[in-house]
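Read the structure below first, then the notes.
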Amino acid sequence: MTEAIVYERIGDIAVLSAQNPPVNALGIDVRRGLLAGIERAENEGARAVLIYGEGRTYFAGADIREFGQPMQDPGLPDLCNRIEAAQLLVVSSLHGAALGGGLEVALSSHYRIAVPSAKMGLPEVNLGIMPGAGGTQRLPRIAGTETALEMITTGRHVAAAEAFDKGVIDRIAEGSPREIGLTYTRELLEQNAPRRPLCDMSAPEPVDFDAIYDKVLARGRGQLSPAIAVRAVQAACEAPSFLDGVRRERELFMELMESEQRQGLIHAFFSERAVSKLPELADVMPRDVISMGVIGGGTMGAGIATAALLSDLAVVLIERDDQAAAVARGRIEDNLKGALKRGKIDQAQFDAMMSDPLTLATDYAALSKADLVVEAVFEDMDVKREVFAALDANCKPGAILASNTSYLDINEIAAATSRPTDVIGLHFFSPAHVMKLLEVVVADQTAPDVVATGFALGKRLKKTSVRSGVCDGFIGNRIMNSYRKAADYMVLDGASPYQIDKVMTGFGFAMGPFAVADLAGLDIGWAARKRRAPTRDPKERVVCFSDMLCEAGDFGQKTGKGFYVYEKGKRGGAPNPQVAEYIERDQRDQGVTPQVFANDEVLRRYMCAMVNEAAKVVGEGIARRPLDVDMVLLFGYGFPRFWGGPLKWADLQGLDGILKDIRRYAKEDAFFWQPAPLLEELVADGRSFDDLNNAGQ
Ligand code: T1G
């Protein structure tokens, strides 16, 4: 077995190279190897030690897989202190992503060099923790308090050039990390450069930590780690000594390490990677997609075309006539202008994308070379079947035909073609060139390589792709429909929509359900309710106050009035006083006596509805694993990432308590609160949703 850290002597220099793929995480073998290497170099009388990473990167941080397990010595903080105290020159040479504990090892070195493409940062807050190996103490000493606070509380990756400007690294040089490291170390030895332990530097300048703490806490919308990290940097400025500061950092780090938010964010980190890895696709080759077709240039079609162009795909967009095609082109241009403004592309890329790779046409014959076509026309089955019949007639053999439908049956759409094995659902979320979620909806006859192509396209478009089976609403909209109903029932029973919105933003959502409904357009839900009405189960409770709003022509932001009244140019809206009248009328018509809901009861009911429907979606095999549902809610519905997703939240609360509450609610409404069989099974067996995830890996 190769050593995690290889030791070499090159003249006066001891070279320690990390060989721990894929990202040289600082697992126990790496830590032991570094400690042994430093001690061996000192014992052998070397004058310097060079540390660098083989493979794609310098250390990308502590090994996240070790979290939650007993820490094995040497811990990273002690290792960093030992590296810094080495009585010889320690140089780190960075490439790839020097992150977290990786940058902390580099900061405990005496000099730092990097290749131009290197990135570095302290992203621990994104995992619910904070730098815990001296980063909050050393970074402010070398880069200043404000720079350190910004880097640590945002967790952003900093490019080498910026890091050099801020003094985080001493030099940038072209070449391999090994070569530039050796050259730089020799130069330092020739100059008799002094050791430069950052712990000896004077304490950094204090700033208004309370103000920064409050600002960071508010920005985190309930996530604690960035704000707690502010207090660790404060200790760097105010503690009597460096060691006292390191001790304070350790205390705060351990507090966060024990937190539920650390469990939620680590779950999100690994799930985001696992969700697109399906065992059954491991050996399946996706088909090549060079040219994409898009049918329909409305908001969704234009967004999908924009996402494709931003991923260097050629796009043929079909609209019904030249005028509609021109409007579609304008939408795409506006989307790309937005990307230009956000710095995602430069002017040259913008100009290029709006020329060669984009073709607007009105004749399906223009699709003859397309490898994959996404239909994004009106959500009507007859229209879709007509479009797919035309695609079947015009697209080349082997071309994949995808629908962006958000709830219609892909099997029925596939039946309109002679190639059902080439038909799949690719459900994008609006705006399609910004939202990361892609539901890959697999119909009964969809071929495995078509599924693999859906995931490959999702990766190409930088989406988080989740496999879904076919049902009304697939994974996300089906679950949303359920927790929206729970919210509507609470309003009918006496809670205010504004109370519910406030409770859910307090939980960590950017917007509550009623504000979201106003944003999306109340007419969309209205159309869905009318579509479902003929087949609605008579046992289902019906709520009418939203329909009353729509009947008055108030569809939310698009009409300036919905649950809230919106003033031009002002963010957010004020409660619409007519809503109370509609609710009272609905209560009178249905003979409901309103009751008071405590905020925690509102949260509990809302989340129990979400968890219950999610458990049904997993139990029916629509979603492969609980983590798949968590990723859908995180990337498509703004679920607070620090909870990890609704089913991770449920595990953290305890499934038995959740099932008990659902059974209690079922006494009021047995139809809506029918407990999910999977939830009952897990509680009976004493298992968690995470147990299912691990079994499904
Ligand atoms: N530990 C364990 N595994 C890791 C890992 C880590 N730190 N980073 C990545 N992996 C795995 C990942 O799960 C995937 O595995 C594979 O490596 C490739 O990753 C004391 C305590 C480095 C920018 O937060 O941001 O240090 O799916 O698919 O897109 O203060 O990985 O192949 O089985 O993401 O090229 C701080 C987290 C830790 C960095 C590369 N460090 N990693 O991105 O590849 S906390 C981080 C990343 C800490 C100290 C504290 C990215 C990347 P698999 P990937 P990528």
For Gly101 against Leu76, the heavy-atom pair lying closest together = CA-CD2, 3.7 Å

Please determine if Glu272 and Arg641 form a salt bridge, counting it only when a charged side-chain N lies under 4.0 Å from a carboxylate O.
-> yes

Is the number of heavy atoms from other residues, nucleotides or ligands within 6.0 Å of CG (Asp346) greater than 12?
-> yes

Lys/Arg N to Asp/Glu carboxylate O, Arg231 vs Glu251, below 4.0 Å = no

Any side-chain heavy atom of Val289 sitting closer than 4.5 Å to one from Ile400?
-> no

May I ask you to test the Arg467-Leu281 pair for a side-chain heavy-atom distance under 4.5 Å?
-> no

Point-to-point distance, once rounded to the nearest 0.5 Å, from CD1 of Ile13 to CD of Glu8 | 11.0 Å

Would you find a donor on one side and an acceptor on the other, under 3.5 Å apart, between the side chain of Arg112 and the backbone of Ala106?
-> yes

Pair Ser93-Tyr184, side-chain donor/acceptor within less than 3.5 Å | no

For Glu174, does the CD atom have more than 12 heavy-atom neighbours from other residues, nucleotides or ligands under 6.0 Å away?
-> no

Without swapping roles, check the side chain of Asp63 against the backbone of Ile28 for a donor-acceptor pair under 3.5 Å.
-> no

Examine distances only and state if a side-chain atom of Arg141 and a backbone atom of Met201 form a donor-acceptor pair shorter than 3.5 Å.
-> yes

Looking only at heavy atoms, the pair that brings Pro140 and Val233 closest together is CG-CG1, 4.2 Å

Run the side chain to side chain contact (heavy atoms under 4.5 Å, CB included) check on Leu122 and Leu99 step by step: do they pass?
-> CA-CA 6 Å; Leu122 294 174; Leu99 299 171; over 6 Å; no

Would you check, one step at a time, whether the test side chain to side chain contact (heavy atoms under 4.5 Å, CB included) holds for Leu198 with Phe242?
-> CA-CA 9 Å; Leu198 294 181; Phe242 178 83; 5.9 Å; no

Nearest-0.5 Å distance that lies between atom CD in Glu124 and atom CD1 in Ile64 | 9.5 Å

May I ask you to test the Glu54-Val6 pair for a side-chain heavy-atom distance under 4.5 Å?
-> no

Met292 CE to Leu309 CG distance, which is reported to the nearest 0.5 Å | 9.0 Å

Greater than 12 external heavy atoms within 6.0 Å of Asp283's CG | no

Under a 4.5 Å cut-off applied to non-hydrogen side-chain atoms, are Val294 and Val315 in contact?
-> yes

Regarding Arg196 and the six-membered ring of Tyr111, is the cationic atom NZ or CZ under 6.0 Å from the ring centre and inside 45° of its axis?
-> yes

Is there a donor-acceptor pair under 3.5 Å between the side chain of His110 and the backbone N or O of Glu84?
-> yes

Going through the checks in order, is the side chain to side chain contact (heavy atoms under 4.5 Å, CB included) test met by Met353 and Leu358?
-> CA-CA 7 Å; Met353 284 173 192; Leu358 174 62; over 6 Å; no

Are Lys344 and His433 close enough that some pair of their side-chain heavy atoms sits under 4.5 Å apart?
-> no

Minimum heavy-atom distance between Ile290 and Leu313, given as atom pair plus value | O-CD2, 3.4 Å

So do the side chains of Lys463 and Leu437 get within less than 4.5 Å of each other, counting heavy atoms only?
-> no

Lys436 atom NZ, neighbour heavy-atom count above 12 within 6.0 Å | yes

Flag, side chain of Asp449 to backbone of Met285, donor-acceptor distance under 3.5 Å | no

Salt bridge present between Arg31 and Glu66 (N-O < 4.0 angstrom) | yes

Taking all atoms of both residues into account, what is the closest heavy-atom pair of Met631 and Gly644, and its distance?
-> CE-O, 3.9 Å

Kindly say whether Ala36 contributes a backbone atom to a donor-acceptor pair with the side chain of Glu39 at under 3.5 angstrom?
-> no

Quick one: are Glu280 and Pro448 in side-chain contact, heavy atoms under 4.5 Å?
-> no

Heavy-atom donor-acceptor pair, Ser259 side chain to Glu255 backbone, under 3.5 Å | no

Minimum heavy-atom distance between Pro626 and Asn693, given as atom pair plus value | CD-OD1, 3.0 Å

Distance-only polar pair, side chains of Asp78 and Asn81, donor-acceptor under 3.5 Å | no

Heavy-atom closest pair (Ile38 atom, Ala86 atom, distance to 0.1 Å) is CG2-CB, 4.0 Å

Is there a donor-acceptor contact under 3.5 Å from the side chain of Glu104 to the main chain of Cys80?
-> no

Would you call Arg625-Asp628 a salt bridge at under 4.0 Å N-O?
-> yes

Hey, what do you get for OG (Ser225) to CG (Leu265), rounding to the nearest 0.5 Å?
-> 6.5 Å

For Glu249 and Thr136, test the side chains for any donor-to-acceptor distance below 3.5 angstrom and give the result as yes or no.
-> yes

Kindly compute the distance separating CG (Asp630) from CZ (Phe639), expressed to the nearest 0.5 Å.
-> 7.5 Å

Quick one: does Asp651's side chain have a donor or acceptor within less than 3.5 Å of a partner on Phe689's backbone?
-> yes

Please say whether the positively charged group of Arg273, taken as NZ for Lys or CZ for Arg, lies over the ring of Phe269, i.e. under 6.0 angstrom from the six-membered ring centre and within 45 degrees of the axis.
-> yes

Verdict with reasoning, Glu258 to Met254, per side chain to side chain contact (heavy atoms under 4.5 Å, CB included) = CA-CA 6 Å; Glu258 302 310 312; Met254 289 314 291; 3.8 Å; yes

Between CG of Leu50 and CZ of Arg186, what distance do you get to the nearest 0.5 Å?
-> 9.5 Å

Sub-4.5 Å side-chain heavy-atom contact between Ile113 and Glu187 = no

Under 3.5 Å: donor-acceptor pair, side chain of Gln261, backbone of Leu224 | yes

